K.L.:
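Just dropping this structure here.
A note on names: the letters A, B, ... follow the listed sequences, proteins ahead of strands, and every chain is numbered from 1. Everything numeric in this text was worked out from a predicted model, so none of it was measured.
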There are 2 protein chains.
Amino acid sequence: MAQTPSPFRTAEQRSRDRQAKKLALMEAAVRMFNTRGFHASSLDDVAASLGVTKPTVYHYLGNKENVLLECLRFGLKQLLDAATHARAQTGVAAERLRSFLIVYTQVNMSDFGRCVIRTPDEALSEESREVLRGLKRQIHAEMRSLIAEGQADGSIACEDANLLAFTLAGALNWPARWYDESRGHPPEETARRLVDNLAAGFLPRSRPSNP
Amino acid sequence: MAQTPSPFRTAEQRSRDRQAKKLALMEAAVRMFNTRGFHASSLDDVAASLGVTKPTVYHYLGNKENVLLECLRFGLKQLLDAATHARAQTGVAAERLRSFLIVYTQVNMSDFGRCVIRTPDEALSEESREVLRGLKRQIHAEMRSLIAEGQADGSIACEDANLLAFTLAGALNWPARWYDESRGHPPEETARRLVDNLAAGFLPRSRPSNP
DNA sequence: AATAGATATTACTTGTTAGTATATGACAAT
DNA sequence: ATTGTCATATACTAACAAGTAATATCTATT
């Protein structure tokens with residue numbers, strides 16, 4: 001089985017290499033976008049941060065807007081996956097919503113999620129904007145529908161599912177701006193506490209809601 | 001009293017004129033920043049939108065960064081004013097907090113408030129960033145201290161006043177991104193409903209919290 | 001009138017960066 | 001061996017936008 005390893009890479013290995021390089025470029029880019037903003041980030045600098053030159057970036061990612069677009073898609077996919085994962089769970093809707101929200105928040109605290117939140121639509125061309133709006137709408141719809149299920153099964157109390165979705169999303173997107181992993185509590189714990197605030201509200205409850 | 005009006009303006013009138021022009025430039029700028037983003041907005045275009053030229057902008061506002069800075073200060077002042085106004089009211093802390101939050105949200109739905117929320121720190125120089133961080137911290141501190149008062153007088157239930165302030169701020173900053181005055185409910189109503197969501201939480205309450 | 005100050009313009013310089021044309025070396029398949 | 005393809009570099013173009021003279025004009029006071 002364990003033969004002398006060939007110094008030649010198979011087609012599959014090369015394809016994996018390529019993917020890894022592409023992802024490394026995306027990671028370098030997203031970090032720079034997050035620290036400097038999209039317009040203030042030059043592809044020269046992104047490339048240099050990995051010890052290569054700009055045409056290499058173009059080789060793997062086409063053009064600057066596409067670099068951003070792929071980063072955003074990647075982040076949005078993580079958010080959507082969180083939704084489908086929560087959807088597959090058992091329990092009342094409020095519980096499924098909670099577990100979705102906690103993962104949603106953690107994604108927003110990570111590099112690609114941060115980029116999704118921090119990048120305003122205007123940074124993109126009309127075309128790409130439509131694509132992204134579609135994905136964002138999907139995520140919003142998932143959240144809203146979990147809320148609606150909760151209204152139906154009685155585990156969630158609210159007047160307007162759509163507006164509640166905006167309320168929750170806002171509160172849980174914001175860590176993309178303020179959360180600093182290197183100080184304070186770890187991401188999961190912070191995420192959980194934020195969601196608890198939203199679940200309970202800030203007005204005192206006379207008695208526990210689960211009799 | 002009502003004499004033939006002099007065609008000559010007094011010093012005071014001229015000073016008011018100057019202020020008005022400066023403000024008009026700031027409004028034009030802030031609207032462009034909000035629609036295109038800071039880096040994608042050229043002062044040539046800002047000036048052109050009022051039928052003047054770029055050096056005019058420099059005459060009134062110095063340089064591009066200062067244009068942004070003045071807009072942000074303006075918006076932040078509105079937020080701080082909302083806090084001091086709420087502070088002066090009577091009633092339990094939860095009530096004062098509510099009324100602060102509602103105004104806070106409405107500011108974030110208006111041009112200058114939008115700009116405060118949508119402009120990420122990185123757009124500015126280290127210097128200006130410090131100034132703004134200071135102002136933002138003030139607002140955050142106001143919110144946190146209203147919450148702490150509520151913990152003390154029993155009108156607010158929460159474990160961590162600081163984290164609750166982030167939760168509320170996030171939810172109520174977000175309308176700067178999604179709210180569209182031209183569709184849906186008017187600003188005050190939307191603001192009130194958002195705050196209600198946060199006050200009540202999404203878990204059902206067995207009975208009203210005000211016995 | 002004449003001068004000073006405020007307001008605005010035209011025309012320029014300069015720096016930055018997205019994007020491209022072209023060259024080159026390495027490897028793989030034939 | 002030869003040919004083609006992938007990965008990368010060097011070196012360039014083109015465009016845009018910030019900021020700066022130098023200058024003209026209007027207004028108000030002496």
Side-chain angles (χ1 to χ4, degrees), chain A residues 5-26 28-29 32-33 35-71 119 122-125 127-128, chain B residues 5-26 28-29 32-33 35-71 119 122-125 127-128:
Chain A
S6 160
F8 301 97
R9 286 162 311 159
T10 66
E12 190 209 354
Q13 277 174 322
R14 273 179 295 132
S15 152
R16 249 207 303 275
D17 272 16
R18 193 186 159 82
Q19 266 311 107
K21 288 180 183 179
K22 182 172 166 178
L23 188 64
L25 285 168
M26 284 165 61
M32 190 164 298
F33 294 161
T35 55
R36 300 193 197 168
F38 178 67
H39 285 286
S41 301
S42 90
L43 292 187
D44 274 320
D45 290 348
V46 170
S49 77
L50 291 179
V52 294
T53 58
K54 190 168 50 171
T56 300
V57 180
Y58 279 84
H59 180 68
Y60 285 97
L61 289 157
N63 60 47
K64 192 182 181 186
E65 175 162 359
N66 194 56
V67 176
L68 178 58
L69 199 59
E70 296 245 22
C71 292
T119 304
E122 323 91 55
L124 295 139
S125 71
E127 255 185 338
S128 322
Chain B
S6 160
F8 300 97
R9 286 163 311 157
T10 66
E12 191 209 353
Q13 277 175 323
R14 273 180 293 132
S15 152
R16 249 208 302 276
D17 272 17
R18 193 186 160 83
Q19 267 311 106
K21 288 180 183 176
K22 183 172 166 179
L23 188 64
L25 285 169
M26 284 166 59
M32 191 164 296
F33 294 161
T35 55
R36 299 193 199 168
F38 178 67
H39 285 286
S41 300
S42 91
L43 292 187
D44 274 320
D45 290 348
V46 170
S49 78
L50 291 179
V52 294
T53 57
K54 187 169 51 171
T56 300
V57 180
Y58 279 83
H59 180 70
Y60 285 97
L61 289 156
N63 60 46
K64 193 182 180 185
E65 175 162 359
N66 194 55
V67 177
L68 177 58
L69 199 60
E70 296 245 22
C71 291
T119 303
E122 324 92 54
L124 295 139
S125 72
E127 257 184 338
S128 322

K.L.:
Taking only the side-chain nitrogens and oxygens of A:Arg18, find out if one of them lies under 4.0 Å from OP1 or OP2 of D:dA7.
P.N.:
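So the side-chain polar atoms of A:Arg18 do come within 4.0 Å of the phosphate oxygens OP1 or OP2 of D:dA7, strictly under.
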K.L.:
To the nearest Å, how far apart are B:His39 NE2 and D:dA17 C1'?
P.N.:
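Interatomic distance, NE2 of B:His39 to C1' of D:dA17: 12 Å.
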K.L.:
Assuming nearest nucleotide by heavy-atom distance, tell me which of A:Ser41 and B:Tyr60 is located more 5' along DNA chain C.
P.N.:
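Counting from the 5' end, the first nearest nucleotide belongs to B:Tyr60.
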K.L.:
Does the side chain of B:Thr35 come under 3.5 Å of the side chain of A:Glu122 through a donor N or O and an acceptor N or O?
P.N.:
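A:Glu122 and B:Thr35 do not have a side-chain donor-acceptor pair below 3.5 Å.
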K.L.:
Send over the distance from A:Asn63 CG to C:dT20 P, rounded to a whole Å.
P.N.:
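For the pair A:Asn63 CG and C:dT20 P, the rounded distance is 8 Å.
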K.L.:
Nearest whole Å is fine: how far is D:dA17 C1' from B:Met32 CE?
P.N.:
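Distance check: B:Met32 CE to D:dA17 C1' gives 13 Å.
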K.L.:
Expressed as a whole number of angstroms, how long is the span from B:Lys64:NZ to C:dT16:P?
P.N.:
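Going from NZ in B:Lys64 over to P in C:dT16 covers 15 Å.
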K.L.:
Do B:Lys21 and B:Met26 have side chains that approach each other closer than 4.5 Å (heavy atoms only, starting at C-beta)?
P.N.:
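No, their side chains stay 4.5 Å or more apart.
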K.L.:
Please state how far atom CG in B:Leu43 lies from atom C1' in D:dT20, giving the value in whole angstrom units.
P.N.:
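Spelled out: CG on B:Leu43 to C1' on D:dT20 is 14 Å.
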K.L.:
Strictly distance-based, threshold 3.5 Å: is any side-chain N or O of A:Asn66 a donor or acceptor partner for the main-chain N or O of A:Leu69?
P.N.:
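Looks like no, no N/O pair under 3.5 Å.
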K.L.:
Using atom CG of A:Asp44 as one end and atom C1' of D:dA11 as the other, report the distance to the nearest whole Å.
P.N.:
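After rounding, the gap between these two atoms is 12 Å.
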K.L.:
With a 4.5 Å cut-off on side-chain heavy atoms, are A:Phe33 and A:Val67 touching?
P.N.:
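In contact.
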K.L.:
Report the distance from atom CG of B:Asn66 to atom P of D:dG19, rounded to the nearest whole Å.
P.N.:
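In whole Å, D:dG19 P and B:Asn66 CG are 11 Å from each other.
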K.L.:
I'd like to know if the side chain of A:Glu65 reaches the main chain of A:Ser125, judged simply by a donor and an acceptor atom lying under 3.5 Å from each other, with no hydrogens or angles considered.
P.N.:
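Yes, A:Glu65 side chain to A:Ser125 backbone: donor-acceptor pair under 3.5 Å.
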K.L.:
Indicate whether OP1 or OP2 belonging to D:dA7 is found under 4.0 Å from a side-chain N or O atom of A:His59.
P.N.:
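Answer yes for this pair, as a side-chain N or O of A:His59 is under 4.0 Å from OP1 or OP2.
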K.L.:
Taking the side chain as every heavy atom from C-beta outward, state whether A:Tyr58 and A:Leu43 have any atom pair closer than 4.5 Å.
P.N.:
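Yes. Closest side-chain heavy atoms under 4.5 Å.
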K.L.:
How many Å lie between CZ on B:Phe38 and P on D:dC16, as a whole number?
P.N.:
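About 19 Å, once rounded to whole Å.
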K.L.:
Taking the side chain as every heavy atom from C-beta outward, state whether B:Phe38 and B:Thr119 have any pair of such atoms under 4.5 Å apart.
P.N.:
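The answer is no, as the side chains (C-beta and beyond) never meet within the 4.5 Å cut-off.
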K.L.:
Is it true that a side-chain atom of B:Lys64 and a backbone atom of B:Ser41 form a donor plus acceptor pair closer than 3.5 Å?
P.N.:
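It does hold such a pair.
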K.L.:
Below 30° counts as parallel, above 60° as perpendicular, anything between as tilted: where do the rings of B:His39 and A:His39 land?
P.N.:
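Ring orientation of B:His39 relative to A:His39: tilted.
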K.L.:
For DNA chain C, what residues of residues 49-58 of chain A have any heavy atom nearer than 4.0 Å?
P.N.:
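When residues 49-58 of chain A is checked for heavy atoms under 4.0 Å from DNA chain C, the hits, listed by number, are A:Lys54, A:Pro55, A:Tyr58.
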K.L.:
What bend angle does the helix from C:dA1-D:dT30 to C:dT30-D:dA1 show across its length, from five-pair end axes and to the nearest 10 degrees?
P.N.:
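The angle separating the two end axes equals 10°.
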